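Notes for the one structure printed next.
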Protein chains: 2
Amino acid sequence: MSTDWAAHDLKVQNHHGGNLAATSRIRHVLIAAITAGDIAPGARLKEIDLGQQLGVSRTPLREAMSALKAEGVLSIGDDGGLRVRTLDYQDIHALYQLRAKLESMAAELAAAQASPAEREFIAEIRAKESILVNDGINPATLAKLNGQFHQSIALASHNSFLVETLQRLSILMVLLGPTAYSLAERVREIGAEHDAINNSIQTHDPIAAKQAASIHLQNAVKARLQLIASGHKDNID
Amino acid sequence: MSTDWAAHDLKVQNHHGGNLAATSRIRHVLIAAITAGDIAPGARLKEIDLGQQLGVSRTPLREAMSALKAEGVLSIGDDGGLRVRTLDYQDIHALYQLRAKLESMAAELAAAQASPAEREFIAEIRAKESILVNDGINPATLAKLNGQFHQSIALASHNSFLVETLQRLSILMVLLGPTAYSLAERVREIGAEHDAINNSIQTHDPIAAKQAASIHLQNAVKARLQLIASGHKDNID
DNA sequence: TTGCATACATTTGCATACAATATAAGAAAA
DNA sequence: TTTTCTTATATTGTATGCAAATGTATGCAA
């Protein structure tokens, strides 16, 4: 395996005082590496190797892994070693099923009680996304914007635990493989579905929003299953 | 503050191989201490003191705290110190709102697709609970059985992420204070509500199960708010 | 060849030591 | 008295070393 994925650094987003450096950074780097496919699900993470590649000692590394284990990203395999969690067919269904329920709940609540500023914010993200789609921007950018769209809706639900939970589930999505706004066809569909959600929110229609989000996720899992079946491998919404 | 809560030990429930000793144990002890009210929300956790009381060094302690932070039980306060998370009025609403959605989802799925064995298991727990209620058993035992009831339903949903998420939320419930099956009146109501859920599951009626679970949680939050208003302090379902 | 046992190597778990940073207290100057 | 600078102390962050546990390989015997 190449060792260059340690290059997944990023400005340490330490807004006020938090756990500035290592532990938090390691967590992000590991997630990034998994997202990029540099570390595959099932791969065993050995503390010493990992520490050397990341340039940190085992102590903060273990803390990061402890957190990731709690989040369900890592798990202890049959051999006792810590591994990247693997999702089987049933897990994929379960994950999407739960996300569908929660995303539609978020959309419903957002449509009912988002503030004007929040509605505008959601609309702006959707507009940006729409433009980028037409420009044929790279998948990674679209995936990021997609995440922002969903998160802005979650935030507008004004339910912090819903936000946390969806955040957690979206991290688990990386276990399905690299994101794939690479299928032009599906990209268009996603745009239309996002539009439906956004419109419902803008018109204060909770029922429609809930419905639209539900359909969106239903199509997402369908697309995912197609990808799996075709062995094509790639992550969609 | 008394230091005797370190006595919250417990047989190391290490069924196959897990993290037998310190890190895992610390996590449980801390949760138990918070549940019992020995450590109040908002309290700052200082590594050295804590380590001495628990008889462990800071390293495993930090790992446990790192995990609890990821789970949302602990959070970093304004001063940068790690504290037990405090829930404000809105948080309580949000927590119950999310639980309501997920518990009803679990009940719905369980009613639709639980195996015969799973249905029997759920019914047995309910029966046990019913007997204990009539015997006037202590609140702690009832709370434990209540947890088993809800968990057995979650498991019967056959959605592992739903199980994980509900598990996580139920841990956060400890932040609301000590459990309170101490209100005789509410105990009876809970029994009736559990019966409704159980019956719907036994008769394979997903819609009724969903409805019953939803009502159950709605009443739970109402009871909780009453407790808060009366300053009576005590945890209900 | 298969099963088992023992020895070896690897890896994790924990503790201690060290470093850096934040906090509080106190003294000096305005 | 108030403010600020300094110093001391408390607390968290990181590294390393050691011990225990666990997986793995090798060899022997059936």
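A, B, ... follow the sequence lines: proteins, then strands. Residue 1 opens every chain. Small disclaimer: the values here were computed from a predicted structure and weren't measured.
- Closest to the side chain of Pro60(A), out of dG13(D), dT14(D), dC14(C), is dT14(D).
- Contact detail for Thr86(A) and Pro41(A): the closest heavy-atom pair is CG2-C, 3.5 Å.
- For the pair Arg27(B) and Glu63(B), the salt-bridge criterion is not met [side-chain N within less than 4.0 Å of a carboxylate O].
- As a whole-Å value, the separation of Met65(A) CE from dT14(D) P is 15 Å.
- Note on Arg58(A) versus Glu47(A): salt bridge recorded, some NZ/NE/NH1/NH2 to OD/OE distance being below 4.0 Å.
- The aromatic ring centres of His194(B) and His150(B) sit less than 6.0 Å apart.
- Residues satisfying the side-chain contact (heavy atoms from CB on, under 4.5 Å) criterion with Thr141(A), sequence neighbours excluded, are Leu132(A), Ile137(A), Asn138(A).
- The side chain of Thr59(A) places no N or O atom within less than 4.0 Å of a non-bridging phosphate oxygen (OP1 or OP2) of dT14(D).
- Taking atom CZ of residue Arg44(B) and atom C1' of nucleotide dT11(D), one finds them 7 Å apart after rounding to whole Å.
- OP1 or OP2 of dA15(C) sits under 4.0 Å from a side-chain N or O of Ser57(B).
- Between the P atom of dT11(D) and the CG atom of Leu45(B) lies a distance of 13 Å, rounded to the nearest Å.
- His158(B) and Glu118(B) share a donor-acceptor pair across their side chains, judged by distance under 3.5 Å alone.
- Within 4.0 Å of Ile48(A), counting heavy atoms only, lies at least one base atom of the nucleic acid.
- Counting distance only, with no hydrogens placed and no angle test, the side-chain atoms of Thr23(A) and the base atoms of dT14(D) include no donor-acceptor pair under 3.5 Å.
- In terms of the salt bridge (Lys or Arg N to Asp or Glu O under 4.0 Å) criterion, residue partners of Arg85(A) (sequence neighbours excluded) are, by chain and number, Glu164(B).
- For Arg58(B), taking side-chain heavy atoms from C-beta onward, the closest of the listed nucleotides dA15(C), dG13(D), dT12(C) is dG13(D).
- Counting to the nearest Å, the P atom of dA9(C) and the NZ atom of Lys46(A) are 16 Å from each other.
- In this structure, CD of Gln52(B) is placed 13 Å from P of dA15(C), rounded to the nearest angstrom.
- Contact annotation for Leu61(A): no contact, since no heavy-atom pair falls under 4.0 Å across all strands.
- Computed from coordinates, the Leu50(B) CG to dA10(D) P distance equals 18 Å when rounded to whole Å.
- Paired runs in DNA chain D that reach 3 or more consecutive Watson-Crick or G-U pairs, where each pair keeps both distances under 3.5 Å, cover C:1-30 with D:1-30.
- At whole-Å resolution of the value, CG in Leu82(A) and P in dT11(C) are 14 Å apart.
- With dT14(D), dG13(D), dC14(C) as the choices, the nucleotide that has an atom nearest any side-chain atom of Glu63(A) turns out to be dT14(D).
- With the nearest nucleotide of DNA chain D identified for both Asp49(B) and Val56(A), Asp49(B) has the one nearer the 5' end.
- Between Glu47(B) atom CD and dA22(C) atom P the separation is 15 Å, expressed in whole Å.
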